[in-house]
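Please read these numbers as outputs of a predicted model, since none were measured by experiment. Atoms considered below: every heavy atom in the structure, side chains included; atoms not considered: hydrogens, waters and symmetry mates.
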Amino acid sequence: MLKRKIEESFIKWRLKSERRPLVVQGARQVGKTTSIRAFGKKEYSFFYEINFIRNPSLLEVFEDDLSPQSIFSRLSLVIPGFHIEPGNTLIFLDEIQECPNARTALKFLSEDKRVDIVASGSLLGVRYKEVRSYPVGAVEYIEMFPLDFEEFLWANGLEEIPDTLRHSFSSCSPVEPFIHKRILDLFRIYIAVGGMPHAVECYIETGNFSSVREIQRSIIRDYELDIVKYADNKDKQKVRACFLSIPQQLEKENIKFQYSIVEKGGTSRKFGDSILWLSAASVACICNNLKTLQLPLKAYEDTDSFRVFLADTGLLVSMYEDGSAEDIIFDRIGARKGPIYENMIAQMLVAAGFPLYYFKPSQKLEIDFVIRFENSVCPVEVKAGENNRSKSLNTILSSEKYGVTKAIRLSTRNVGCENGILSLPLYMTFLLKP
């Protein structure tokens, strides 16, 4: 079983004296069920898993009276040997989006301190209209993402390497050349494989990229089916069209999402809600343009000008023609390299806890990403190779207009620092923290 960082979050939640029901959100197939199940079986003597898709008859448990005692009484009738040991019992409500009443019941279940509750779902952000009453303030939320690069290193048996990289990062000293080259090679594989657990396990077990691609394309089909099943009837085709346009959108480097690519003459009025649907479903990540480089960044975002990235870069690669993964791994991909690498950096920044922003005040000046780093505005430039020319970064750092004193350049080069620019290998993005 893959080692996941979210396990540490589960343990911290378990140790709290006052535990509200925990709701684990995230895209389909990022590993929520597997991680929660492993945690429940390891940490609790009594663990009960209720999957509302696999066992739809259990929907009836959450009808009528939603008091904890009534729910537990019904569970005792449908789960053989159901028993509550205070402080040592966990009930896992999986695919909770299929049972709106169960989402409402979390508010009442939070009042019963004998039982711990964990719920998970893939489309909680889009199936909100069916819920009668939300448990506002009564639950705790956590987001689960595809495997980040550190987790990918763990999966490859390289559990000591992250500490080596952390030392170089904190001391701003180069990574030993042999290690740097090997990790860059593995990073390219990570781009092609992505972080969906099934795809990663397939790569680890077989090394067969054709098999990995089949898994990825199967996930893409599942996402399309989710759109057909869960999006409003009037929006189904629009959401799907926006989703399928993402690879083409990214070819327009640092140019905002263009509705005309989705459909000739397309407008935000017609397709704007579709983009929000993809974001709410954790399928895509929205990166808003900034009006200026000042803190707090949120106050200066331009929500009318944005880019859209796919939540998993391996899935993005699978949307290109066969052979694209191998092109990335052997570093023979052409102009498409930049957008794919930018998607991976976006994925890594989101997993690290950063909201996504970019900065493009004019046609001649563009910054791939902007983050709040070490309590300062920090432009981030992504280079898919060793090219260290950074015209936009230099312009911003040298201009009093922006008041920016530090920046980060991500490339295939080793660690270094010069003229206010911290140069990091692309693979070190996971070490950046808000």
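Using a 4.0 Å cut-off between charged nitrogen and carboxylate oxygen, D185 and R188 count as a salt-bridge pair. Look at K5 and E151 and you find no salt bridge, because none of the NZ, NE, NH1 or NH2 atoms lies under 4.0 Å from a carboxylate O. Under a 4.0 Å N-O distance rule, the pair K42/E7 does not qualify as a salt bridge. A salt bridge is absent between D222 and R28: the closest approach of a Lys/Arg side-chain nitrogen to an acidic carboxylate oxygen does not fall below 4.0 angstrom. Using a cut-off of 4.0 Å between Lys/Arg side-chain N and Asp/Glu carboxylate O, K337 and D327 are scored as not salt-bridged. By the 4.0 Å N-to-carboxylate-O rule, R409 lies too far from E418 to be salt-bridged with it.
Using a 4.5 Å heavy-atom cutoff, the side chains of L59 and F52 are in contact. I345 places none of its side-chain heavy atoms less than 4.5 Å from the side chain of D368. Inter-residue side-chain proximity for L158 and L186 is flagged as met; some heavy-atom pair is nearer than 4.5 Å. Residues Y358 and S305 meet the side-chain proximity criterion, which asks for heavy atoms closer than 4.5 Å. Between F209 and I329, the closest side-chain pair of non-hydrogen atoms falls below 4.5 Å.
Minimum heavy-atom separation, P197 to R4: CG-NH1, 3.6 Å.
The aromatic ring centroids of Y357 and F359 lie 6.0 Å or more from each other. Under the 6.0 Å cut-off for aromatic ring centres, F430 and Y190 do not qualify, their centroids lying 6.0 Å or more apart.
Between the side chains of Q249 and E251, no donor-acceptor pair of N or O atoms lies under 3.5 Å.
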